[in-house]
Amino acid sequence: MARQETRSYDYVNHPYARVREALVADPNAIFAAATRAAAGRAQELAAELRVTVGGLDVAAEIVFSIGTIEADTTGPYGGPATRIPVSWEAARHPRWFPLMNGVLAIYPLTATETQLDFMGRYETPLGVVGSAVDALVGHRIAEASVHRFIGDVARYLRGAIA
């Protein structure tokens, strides 16, 4: 299994404290609402990530797991930051799809804008065959799914936070 890195970021036009409060209160509910899927159990939820790469529409029901949320004062610009460990895998046939492990970092850009910054690594499935597929198209699908997920979360938060 090869491990590949991917990164995506977006912003929310609300103060850091409000964005942090929403995400820390119930990240599962935010992710479920953002991906337009039903909320699941306390530490996991089922959702669907859908991407289109080169005219190919790929969708998979996924299961999120949330790790221990950490807050500190060492954000990229010297201010506060919150880090939410997140992983996901396909709900059905997880050995056929990449396993994603990463951290969603949130930090203030300005007094009224908050950055969502996801850095993750995914493991390609299916050994040598999975690595070959990843080299051809898999990495684009993984990157597109991360961009879509972060974009969906940012859009949801822009509209949901008062």
Side-chain angles (χ1 to χ4, degrees), residues 1-37 39-40 43-53 58-91 94 97-110 112-125 130 134 137-161:
M1 281 191 243
R3 290 179 164 248
Q4 305 293 334
E5 274 192 9
T6 186
R7 181 175 183 215
S8 184
Y9 57 91
D10 206 332
Y11 77 96
V12 179
N13 59 343
H14 291 291
Y16 167 77
R18 288 188 190 155
V19 174
R20 181 187 187 287
E21 181 181 324
L23 279 168
V24 169
D26 195 350
N28 287 332
I30 298 293
F31 297 160
T35 58
R36 295 170 187 84
Q43 289 299 309
E44 296 184 348
L45 63 94
E48 182 177 272
L49 283 182
R50 177 177 297 277
V51 296
T52 303
V53 177
V58 178
E61 184 178 326
I62 58 171
V63 178
F64 284 97
S65 295
I66 308 299
T68 302
I69 298 171
E70 298 177 3
D72 61 41
T73 58
T74 58
Y77 302 111
T82 299
R83 291 172 182 79
I84 304 171
V86 134
S87 64
W88 65 77
E89 65 183 349
F97 295 93
L99 166 65
M100 178 66 71
N101 288 298
V103 174
L104 175 61
I106 59 172
Y107 50 87
L109 288 175
T110 68
T112 60
E113 290 183 321
T114 302
Q115 180 90 19
L116 304 180
D117 193 345
F118 181 85
M119 176 63 84
R121 294 178 79 78
Y122 66 95
E123 295 178 17
T124 58
D134 185 64
V137 70
H139 68 282
R140 289 187 295 224
I141 292 171
E143 289 174 3
S145 69
V146 168
H147 291 306
R148 175 85 181 253
F149 171 68
I150 294 303
D152 287 349
V153 171
R155 260 187 303 285
Y156 176 80
L157 289 168
R158 284 183 205 124
I161 296 175

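Computation of the quantities below employed the complete heavy-atom set of this structure, encompassing side-chain atoms and omitting hydrogens, waters and symmetry-equivalent molecules.
Judged as a side chain to side chain contact (heavy atoms under 4.5 Å, CB included), and not counting sequence neighbours, the contacts of Thr112 are Thr110. In this structure Arg83 satisfies the salt bridge (Lys or Arg N to Asp or Glu O under 4.0 Å) test together with Asp72, sequence neighbours excluded. With sequence neighbours excluded, no residue satisfies ring-ring contact (aromatic ring centres under 6.0 Å, His included) with Tyr156.
The OH atom of Tyr9 sits 10.5 Å away from atom CG of Leu109, with the distance rounded to the nearest 0.5 Å. Note that CZ of Arg7 and CD1 of Ile150 are 11.0 Å apart. Values are rounded to the nearest 0.5 Å. Interatomic distance, Leu116 CG to Leu104 CG, rounded to the nearest 0.5 Å: 5.5 Å. If you take CZ on Arg158 and CG on Asn13, they are separated by 6.5 Å, rounding to the nearest 0.5 Å. Annotation: the span from Met119 atom CE to Thr6 atom OG1 amounts to 8.5 Å, rounded to 0.5 Å.
Side-chain atoms of Arg20 never come within 3.5 Å of backbone atoms of Ala81 as a donor-acceptor pair (strictly under, hydrogens ignored). Although no hydrogens or angles enter the test, the distance criterion places a donor-acceptor pair under 3.5 Å between the side chain of Thr114 and the main chain of Tyr16.
Residues Phe118 and Val86 are in side-chain contact: their nearest non-hydrogen atoms beyond the backbone lie under 4.5 Å apart. Contact annotation: the side chain of Asp117 never approaches that of Ile106 to less than 4.5 Å [non-hydrogen atoms, C-beta and beyond]. Looking at heavy atoms from C-beta onward, Leu23 lies in side-chain contact with Leu157 at the 4.5 angstrom threshold.
Heavy-atom contacts from other residues, nucleotides or ligands closer than 6.0 Å to CD of Glu113 number more than 12.
Minimum heavy-atom separation, Gly151 to Asp10: CA-OD2, 3.6 Å. Heavy-atom minimum distance, Pro27 versus Ile69: CG-CD1, 4.2 Å. Nearest heavy-atom pair, Pro80 versus Pro108, reported as atom, atom and distance to 0.1 Å: O-CD, 3.2 Å.
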